[in-house]
Amino acid sequence: MATPQEILRNPFLNKGTGFSKEEREELGLVGLLPSHVQTIEEQAERIYEQYSSKTSRLEKRIYLMSLFNTNRTLFFYLMGQHLREFMPIVYDPVVAESIEGYNHLFMRPQEAAFISIDKPESIEKTLKNAADGRDIRLIVVTDAEGILGIGDWGVDGVDIAIGKLMVYTAAAGINPAQVLPVSIDAGTNNKELLNDPLYLGNKHERVYGEKYYELIDKFVATVQKLFPESMLHFEDFGRSNADVILNKYKDKILTFNDDIQGTGIVCLAGVLGALNISKQKFTDQKFLTFGAGTAGIGIARLMFDEMKRQGLSEEEAKKHFYLVDKQGLLFDDTEGLTEGQKAFVRSRDEFENADELTNLEAVVKAVHPTVMIGTSTQPGAFTESVIKEMAAHTERPIIFPISNPTKLIEAHADDLIKWTEGRALVATGIPSDDVEYNGVTYKIGQANNALIYPGVCFGAMAASSKVLNEEMISQASHALGGIVDPDEPGAPVLPPIDKLQKFTTTVAETVAQSVIDQGLSKENVTDAKKAVANMKWEPRY
Ligand SMILES: NC(=O)c1ccc[n+]([C@@H]2O[C@H](COP(=O)([O-])OP(=O)(O)OC[C@H]3O[C@@H](n4cnc5c(N)ncnc54)[C@H](O)[C@@H]3O)[C@@H](O)[C@H]2O)c1
Ligand SMILES: O=C(O)C[C@H](O)C(=O)O
Ligand SMILES: [Mn+2]
């Protein structure tokens with residue numbers, strides 16, 4: 001039993017001025033708080049007032065994190081009230097600033113588990129210590145080699161795991177006492193960190209290969225042993241490891257890679273939404289992926305699966321895809337192809353000027369894509385001339401520059417609308433303001449995996465699924481892609497963040513139903529809606 005002071009210091013138990021008179025008597029809190037008992041609404045009003053007085057976004061974030069560290073119920077109550085406003089502060093893009101300043105801003109470990117490549121023997125102890133007896137159902141783990149598009153951030157990347165979990169609770173309603181953020185510190189190749197005397201992680205280069213995979217294996221096995229009911233979400237691993245890890249475990253345990261699968265689903269949903277608006281056929285589209293890394297390949301794969309679901313053979317479907325990376329258009333003889341890229345390469349004899357296709361503009365000219373997605377981390381790469389070239393050959397170009405955070409975006413929404421005279425169907429990775437053009441207000445969808453991972457994983461967890469498979473992923477894409485208003489001028493291709501909680505529930509129920517239909521529920525769950533509703537936690541005292 002926790003002592004009164006321990007209760008006040010424990011963010012899972014603390015209600016601050018919200019403890020009732022009876023609770024104060026029962027828990028030994030008499031005299032430890034001002035006498036007036038506040039409702040959660042009153043507490044929220046006070047906190048929001050203070051939050052609003054902070055002038056920079058980073059200060060706002062630090063203030064919210066101190067609330068998160070003090071009283072988690074109140075934090076999520078407030079976040080539910082101000083979802084649209086808080087999302088960019090606790091999550092992308094401001095989470096990137098907090099990661100970049102982690103060693104200098106460090107406040108508390110936020111109940112994360114810190115696993116070190118130099119101490120694999122401590123994995124079990126670490127996970128137990130961090131869980132502290134809690135019934136863990138959801139883990140977000142990062143090794144932070146590829147944080148958003150800002151690269152390798154070593155132990156500092158733990159903030160992305162914490163941020164992703166905040167969105168899970170705010171969107172889907174996972175109990176915040178049942179989640180665990182995990183940092184795998186395998187070293188870092190970030191020179192700035194290695195040279196920073198205040199760097200908090202392992203001060204050596206990143207470890208790759210056998211020793212690294214042994215650590216991951218041991219981590220996964222220990223998670224299975226300690227938390228057999230849990231879902232394991234991988235976030236922001238590097239290009240050389242992310243896909244290898246996913247392929248190794250996806251058929252064996254309940255796991256998800258957000259950058260590969262989450263991003264794929266949200267982009268497929270966005271394209272389906274866009275085609276709803278333009279009234280065009282999916283199988284008529286030509287896809288150009290600019291930046292064929294973890295996210296780019298995940299996106300191409302889901303679009304490819306959809307082509308097949310809509311009746312095309314593998315061979316026919318493949319003809320609709322063009323990958324562009326640092327080398328230019330990727331051909332079967334291009335050097336340095338990754339395993340993931342090999343599935344979508346082209347042959348040089350398809351083009352008269354194959355040797356000139358070494359930059360985006362030349363490829364756009366040669367290919368005439370109808371859908372172009374940017375996951376390249378190259379700011380401004382979708383230039384006016386590239387976009388005008390694309391838009392010259394298609395009536396409603398679908399353009400998603402989704403590199404994060406804001407400083408890395410391939411093009412801004414207002415430019416895309418302007419350069420295409422309002423014809424482009426646009427979504428961006430970070431939130432974008434509405435664009436006014438020729439008397440129409442264009443609402444810009446946010447093609448960020450945050451729109452989908454909470455629903456997909458919550459649905460799979462609620463139905464006690466053995467695994468997360470392609471069928472569930474496809475169902476989720478269609479559930480999200482169906483929520484657009486095709487008749488409203490300037491309508492977004494994806495539903496707005498204000499409705500995140502509502503459509504997350506729809507997606508969760510869809511995925512849970514798919515688990516049931518495929519006979520993959522470990523607990524023989526039969527009612528998807530009930531299972532989702534039963535698992536939902538509400539931020540109330
Ligand atoms: N909106 C979302 O939901 C979402 C999801 C995942 C990733 N992303 C963003 O996508 C970006 C990439 O993430 P990732 O995890 O795939 O990283 P990654 O490192 O795996 O992939 C990036 C790819 O871009 C390529 N690239 C680099 N410079 C290039 C250039 N000049 N021209 C063409 N290609 C170039 C790299 O070679 C690599 O293949 C990041 O900015 C990330 O924030 C967005
Ligand atoms: O974190 C995000 O905002 C989306 C995505 O997972 C990314 O890596 O950029
Ligand atoms: Mn990510």
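Start at 1 and go down the list; that is how both ligands and their atoms are numbered.
- Of all protein N/O/S atoms, those under 2.8 Å from the Mn ion (ligand 3) are E235 OE2, D236 OD1, D259 OD1, and waters are not counted.
- With sequence neighbours left out, S474 forms a side-chain contact (heavy atoms from CB on, under 4.5 Å) with E306, R309, H478.
- Between K191 and D196 there is no salt bridge, since no side-chain N of the basic residue sits under 4.0 Å from a carboxylate O of the acidic one.
- Proximity of the aromatic rings of Y168 and Y453 is defined here by a centroid distance below 6.0 angstrom, and this criterion is met.
- Near E235, meaning under 4.0 Å from one of its heavy atoms, ligand 2 places the atoms 6 (O).
- Tested against F75 for a ring-ring contact (aromatic ring centres under 6.0 Å, His included), the candidates Y51, F68, F86 yield a single pass: F68.
- Protein residues with a heavy atom under 4.0 Å from ligand 1 are L148, G149, R239, D259, T263, F290, G291, A292, G293, T294, A295, D325, K326, T375, S376, T377, Q378, I402, S403, N404, G429, A447, N448, N449.
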### Query
Should Y91 and N448 be marked as a side chain to side chain donor-acceptor pair (under 3.5 Å) after you check the CA-CA gap, both sets of side-chain angles, and the distance that decides it?
CA-CA 11 Å; Y91 178 63; N448 189 297; 2.7 Å; yes
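- Classification of the F382-F290 ring pair by plane angle, with boundaries at 30° and 60°, yields tilted.
- The six-membered or imidazole ring of H320 lies away from that of F304, with a centre-to-centre distance of 6.0 Å or more.
- At least one side-chain heavy atom of Y102 sits less than 4.5 Å from a side-chain heavy atom of L200.
- Contacts between N448 and ligand 2, counted as non-hydrogen atom pairs separated by less than 4.0 Å, involve the side chain only.
- With a 6.0 Å radius and a threshold of 12 heavy atoms from other residues, nucleotides or ligands, E470 has its CD atom at or below the threshold.
- Counting non-hydrogen atoms of neighbouring residues, nucleotides and ligands closer than 6.0 angstrom, the CG atom of D434 exceeds 12 such neighbours.
- F287 has its ring centre no less than 6.0 Å from the ring centre of F344.
- Because its NZ or CZ atom is not both nearer than 6.0 Å to the ring centre of F351 and within 45° of the ring axis, R346 does not count as a cation-pi partner of that residue.
- At the shortest separation from atom 9 (O) of ligand 2 among protein heavy atoms lies N404 ND2, 2.9 Å.
- Close approach of ligand 2 to K164 is summarised as follows: ligand atoms under 4.0 Å from at least one heavy atom of the residue are 1 (O), 2 (C), 4 (C), 5 (C), 6 (O).
- Judged as a salt bridge (charged side-chain N to carboxylate O under 4.0 Å, His left out), and not counting sequence neighbours, D251 has no contacts.
- Among protein heavy atoms, the minimum distance from atom 7 (C) of ligand 2 is reached at L148 CD2, 3.6 Å.
- Of the protein's non-hydrogen atoms, N449 ND2, 3.4 Å is the one closest to atom 5 (C) of ligand 2.
- The closest non-hydrogen atom to atom 3 (O) of ligand 2, taken over I147, D92, T142, comes from D92.
- Protein heavy atom nearest atom 2 (C) of ligand 2, with residue, atom name and distance: Y91 OH, 3.1 Å.
- Only side-chain heavy atoms of D259 come within less than 4.0 Å of ligand 2; its backbone N, CA, C and O stay farther off.
- One finds no salt bridge joining K211 and E214 here, because no Lys/Arg side-chain nitrogen approaches an Asp/Glu carboxylate oxygen to under 4.0 Å.
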